[in-house]
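These figures come from a predicted structure and were not determined experimentally. Order of the sequence lines fixes the chain letters, A, B, ..., with proteins taken first and strands second; residue numbering starts at 1 for each chain.
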There are 2 protein chains.
Amino acid sequence: MSGGGPGGLQPTAEQPRVEVYDTTLRDGSQQVGLDLTVADKLRVAAALDALGVDVVEGGWPGSNPKDAEFFARASELEWKNARLAAFGATRLPRRGVDDDANLAALLAAGTPIVTLVGKAWTLHVDEALRTTRDENLAMVADSVAYMAAAGRRVVFDAEHFFDGYRADRGYALAVLDAAVEAGADTLALCDTNGGTLPDDAARVVAQVASSRAVRVGVHFHNDSGCAVANSVMAVSGGALHVQGAANGYGERCGNADLFAIIAGLELKRGHELLPPGRLAQLASTARTIAEFANLPLAPRQPYVGSSAFTTKAGLHASAIARRPDAYAHIDPGAVGNQQRVLVSELAGRSNVLAKAEELGLELSPELAAEVLDQVKDAEHRGYAYEAADASFELLVRKMAGALPEWFSLDSYRVMIERSAAEDRSEAIVRLRLGGERVVAVGEGVGPVHALDQALRRALAGFYPALSGIHLVDYKVRILDGRAATSAVTRVMLTSADSVGEWTTVGVSDDIVTASWEALAEGVGYGLLRAGAEPPPASPAPDTPCHLETIGENA
Amino acid sequence: MSGGGPGGLQPTAEQPRVEVYDTTLRDGSQQVGLDLTVADKLRVAAALDALGVDVVEGGWPGSNPKDAEFFARASELEWKNARLAAFGATRLPRRGVDDDANLAALLAAGTPIVTLVGKAWTLHVDEALRTTRDENLAMVADSVAYMAAAGRRVVFDAEHFFDGYRADRGYALAVLDAAVEAGADTLALCDTNGGTLPDDAARVVAQVASSRAVRVGVHFHNDSGCAVANSVMAVSGGALHVQGAANGYGERCGNADLFAIIAGLELKRGHELLPPGRLAQLASTARTIAEFANLPLAPRQPYVGSSAFTTKAGLHASAIARRPDAYAHIDPGAVGNQQRVLVSELAGRSNVLAKAEELGLELSPELAAEVLDQVKDAEHRGYAYEAADASFELLVRKMAGALPEWFSLDSYRVMIERSAAEDRSEAIVRLRLGGERVVAVGEGVGPVHALDQALRRALAGFYPALSGIHLVDYKVRILDGRAATSAVTRVMLTSADSVGEWTTVGVSDDIVTASWEALAEGVGYGLLRAGAEPPPASPAPDTPCHLETIGENA
């Protein structure tokens with residue numbers, strides 16, 4: 001239902017071409033905690049190129065050696081869709097363009113596009129630049145003309161344009177006109193402080209675009225929570241170039257999220273921004289770039305987040321199965337995402353059946369009812385299956401008799417010691433694997449880490465697949481904090497193999513027991529995925545015991 | 001510069017009053033991973049009331065026992081600003097209102113406001129409700145009239161209104177008119193699937209509002225990344241009631257972030273939504289509710305996030321100091337947040353001095369700088385003093401030499417055993433109290449409870465005041481979940497005596513050590529409050545050791 005769905009208007013074939021300009025590697029990288037190496041930047045650029053954006057702004061070559069290196073190496077890559085832009089400031093006040101190191105570095109980057117930023121707000125000309133307003137106009141004109149003469153396509157970034165337009169409209173427009181007359185090809189109106197609201201965005205862009213022959217674009221920040229909306233509204237107002245960053249990265253509240261802009265304009269306004277078929281790569285591109293950035297992708301991120309099409313409202317499940325378009329603003333597949341129905345205590349039997357079917361298990365209505373009872377009972381005690389898909393699957397498989405017993409616990413003991421002399425956690429686990437008994441000890445940072453180490457050591461000899469399974473996330477929630485340290489504790493544990501991730505849950509009034517449950521299920525589910533062979537089922541009570549020591553598999 | 005700042009328009013005194021309707025406890029709670037107990041819900045409601053929202057929607061009393069319990073307990077609270085709303089559906093098809101269990105539960109909730117949701121999209125009437133369109137109109141009219149006759153103020157939530165308006169405008173408006181004629185006081189136009197873009201939002205609201213005499217409101221979801229913008233635009237279009245959730249909580253991509261809407265309308269459109277002076281509590285309210293929800297507050301959340309006014313662009317620092325209004329869309333103080341320049345320490349030291357003065361301690365500027373260094377270092381390692389007031393005070397007192405040493409730890413040992421035969425946690429702590437040594441053992445539910453029991457037993461003979469101090473809340477947060485079970489763990493522990501509560505923090509890569517820190521500080525701060533006499537300072541290494549056994553003080 002892309003475009004024509006309930007949330008969209010019919011696409012009109014007549015929409016003008018809007019240029020997509022990505023600034024993840026320059027402005028997006030200003031985000032606190034986002035720190036890309038040159039190799040990371042090249043990978044992000046390649047992912048954006050594969051998605052099909054028009055322009056990748058690679059950095060500010062005059063500002064740091066890392067960006068200069070990026071441009072040197074980027075020119076060796078094979079670009080399929082995108083052209084590279086280098087970013088820099090206009091020349092210094094009362095200096096020439098020929099001896100400006102920043103402009104020289106911009107030229108040296110060798111990009112087809114040069115983006116020059118200049119001041120458009122009198123406050124900044126007077127107080128930050130501390131030069132005359134005429135000199136600022138000359139700086140813009142000289143710098144643009146210099147780059148145009150060198151054969152570059154020039155995008156002029158009018159910094160603080162919306163604030164400048166509000167403060168002194170005539171001067172803000174004079175800055176734009178100086179850039180146009182000097183040969184700028186595109187004007188990007190920047191909402192540098194992010195304070196603009198959508199109606200102002202649309203109105204100002206329409207006023208600028210209607211009276212100028214060049215391409216007018218926009219660059220929004222999300223300080224008012226309106227960056228995506230402002231961008232979409234600006235395009236309605238006549239903008240033909242839109243800047244943003246992958247996943248909305250950027251300093252303060254971030255840049256406009258380029259992915260939400262692309263999806264909104266393509267699916268709801270009939271624009272064609274990416275090459276045909278590429279929109280379905282949006283979610284995987286978002287995840288890939290988040291991996292390169294080493295930042296978790298927000299589950300609720302519009303269009304591409306893991307929860308973006310997930311509902312836990314039980315009453316909707318059967319209805320969703322019947323008419324998915326009635327409950328989602330777009331077809332999730334259009335952006336490469338998927339609809340997920342979660343199981344929770346509010347859910348009905350149809351949710352359980354739908355989920356089981358998703359897992360490839362056929363349940364009788366009676367068994368589904370039993371599973372639902374179990375789920376409700378467990379959730380009442382604090383389990384949360386909606387986020388612990390693997391534990392839910394293990395529960396269903398177990399009740400359906402379709403789960404091998406990889407191992408069972410005889411006992412464990414954990415010791416924690418703290419003194420001036422030492423600080424130590426140690427765990428001993430005793431397991432049964434079919435007919436075999438195994439004892440192993442693990443040391444760790446804290447009791448849960450020690451248990452994890454001991455469990456892995458106990459199983460390593462039997463299940464080589466375990467070496468490819470590791471823990472990636474661990475969450476603890478005290479369910480009724482008011483019962484203080486004896487309250488019920490829920491542990492959510494995420495494990496991963498080379499193919500994907502899964503989450504398991506454990507609940508107990510003791511955090512160690514809750515963690516053990518989640519650990520044991522996480523390993524069990526991993527072995528299921530790996531297709532590991534379960535141990536021989538017949539128990540032989542007197543078999544000798546395997547002892548796995550700390551040194552052995554470390 | 002609130003309102004008149006560079007990002008805002010001058011406030012106009014003539015803006016009509018817009019009602020703020022919070023749905024955190026109902027629609028917001030549909031968020032995956034958000035699971036509030038009844039006690040949590042009451043605390044969230046109190047925080048929203050203190051902020052000054054007009055309406056707090058407490059839940060759906062007909063859907064689950066938890067919400068029914070909430071309403072029973074909420075009526076005992078003293079509400080200062082907010083009125084309570086209970087949410088529910090219109091009557092069932094082809095049934096009367098008198099034998100409708102859902103409507104009965106709504107009445108039983110005893111709230112002044114009842115919010116009734118009904119279908120406004122023909123697709124849902126035909127396919128989900130599976131009744132006739134006339135019957136749907138009758139369901140709306142009957143249910144609204146029933147609640148109005150019972151003396152309730154009725155808000156009518158028109159589900160899927162924007163989709164319905166697009167699909168069959170006449171029918172969508174007929175649904176609204178049925179509600180109005182039956183006595184609904186407010187129409188909330190819901191963008192249930194979240195697909196609407198801002199220009200459509202403004203246009204549709206203006207068309208509805210201009211031709212109806214009742215209050216028209218809106219309820220947006222963020223699936224297109226436009227929920228805040230849509231809400232602001234809807235108000236420009238004539239909406240006088242706006243629904244949203246704290247921090248944008250909600251299923252899929254979330255509900256409209258109520259806090260960003262409030263800040264935008266107050267600071268940039270001159271509306272007065274909260275009682276005078278309350279906007280400056282916005283950031284602390286957002287953090288408090290995030291704590292109750294046990295969800296981290298997104299650093300980049302507009303207006304209230306910790307990074308919302310933080311720049312890492314070094315070149316701006318001195319300029320920001322000179323003209324803060326040139327680099328921020330609003331005055332951060334207007335929403336109770338602060339500008340942070342990552343390289344500057346100036347703002348912090350004055351905070352430390354102010355806090356010390358609050359505690360009745362005079363610090364030299366040098367000592368304040370040292371405290372600030374300690375705080376920064378500790379926060380870098382994961383401590384969070386903002387929510388742990390007691391730990392901050394202990395730190396300042398310790399550095400000022402104004403803290404008695406109630407006890408010091410020699411060592412502890414914790415043992416956890418689990419087997420078919422038994423399930424046991426046991427702790428032994430060895431303390432030094434001035435010249436005395438004491439050893440005590442405690443048993444508990446899990447290691448932390450056992451440690452708490454042992455600590456209390458060790459101190460009970462020396463500090464009788466301890467019997468009046470108890471733990472009331474315990475929270476665990478894994479700070480870098482990606483390091484899994486060896487990640488840094490932060491424990492926040494709240495203790496109470498007969499007069500009040502205080503919170504302490506502990507951080508370690510081991511949950512037991514982190515808990516011990518918070519436990520020991522919680523007890524120490526309680527003894528300070530109780531004015532307990534510290535032990536004689538002179539250590540006497542050969543004094544006999546007091547042994548406190550499990551039986552003795554149990």
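Taking chain A as the reference chain and counting heavy-atom pairs below 4.5 Å, the highest number among B:H124, B:M233, B:R252 is found for B:R252. Counting heavy-atom pairs closer than 4.5 Å to chain B, the top residue among A:S495, A:A229, A:S306 is A:A229. Per-residue counts of heavy-atom pairs under 4.5 Å with chain B were compared for A:G446, A:A514, A:A167; the largest is that of A:G446. Of the listed residues (A:C253, A:S411, A:S419), the greatest number of heavy-atom pairs within a distance under 4.5 Å of chain B belongs to A:C253. In terms of heavy-atom pairs under 4.5 Å with chain B, the best-connected choice from A:G164, A:A260, A:P198 is A:P198. Contact count versus chain A (heavy atoms, under 4.5 Å) is highest, among B:S508, B:G225, B:A308, B:G250, for B:A308. With respect to chain A, the highest number of heavy-atom pairs below 4.5 Å among B:G248, B:S515, B:G264, B:G444 belongs to B:G248.
By the 4.0 Å N-to-carboxylate-O rule, A:D223 lies too far from B:K268 to be salt-bridged with it. A salt bridge does not link A:R418 with B:D510: every distance from a Lys NZ or Arg NE/NH1/NH2 to an Asp or Glu carboxylate oxygen is 4.0 Å or more. Salt-bridge check for B:D257 with A:R300: failed, with every basic side-chain N at 4.0 Å or more from each acidic carboxylate O.
Only the side chain of B:D40 comes within contact range of chain A, judged by heavy atoms closer than 4.5 Å. For a residue to count as touching a neighbouring chain, one of its non-hydrogen atoms must lie under 4.5 Å from one of that chain's; by this rule A:V232 touches chain B with the side chain only. B:R130 touches chain A through its side chain: at least one heavy atom from C-beta onward sits under 4.5 Å away, while N, CA, C and O do not. Only the side chain of A:S236 comes within contact range of chain B, judged by heavy atoms closer than 4.5 Å. Heavy atoms of A:Y249 lying under 4.5 Å from chain B belong to its backbone as well as its side chain. Using a 4.5 Å cut-off between heavy atoms, A:M415 touches chain B through backbone and side chain atoms alike. Only the side chain of A:H160 comes within contact range of chain B, with heavy atoms under 4.5 Å apart. Within the 4.5 angstrom heavy-atom criterion, no atom of B:E422 approaches chain A. Of the atoms belonging to A:D410, it is backbone heavy atoms, and not side-chain ones, that fall under 4.5 Å from chain B. Neither the backbone nor the side chain of A:L451 comes within contact range of chain B; no heavy atoms are under 4.5 Å apart.
No close placement of the B:H329 and A:F162 rings is indicated, their centers lying 6.0 Å or farther apart.
The main-chain N or O of A:A326 is found under 3.5 Å from a side-chain atom of B:N193 such that the two form a donor-acceptor pair.
Counting heavy atoms from C-beta outward, A:S224 and B:V228 have side chains that stay 4.5 Å or more apart. Between B:P302 and A:N222, the closest side-chain pair of non-hydrogen atoms falls below 4.5 Å. For the pair B:R269/A:D199, a side-chain contact is recorded, criterion being any heavy-atom separation below 4.5 Å from C-beta on. For the pair B:V414 and A:E417, the minimum side-chain heavy-atom distance is 4.5 Å or more.
If you take OG1 on B:T513 and CG on A:D423, they are separated by 5.0 Å, rounding to the nearest 0.5 Å. The structure places OG1 of A:T310 at 11.5 Å from CD of B:Q31, a figure rounded to the nearest 0.5 Å. Atom CD1 of A:I511 is separated from atom NE2 of B:H449 by 14.5 Å, given to the nearest 0.5 angstrom.
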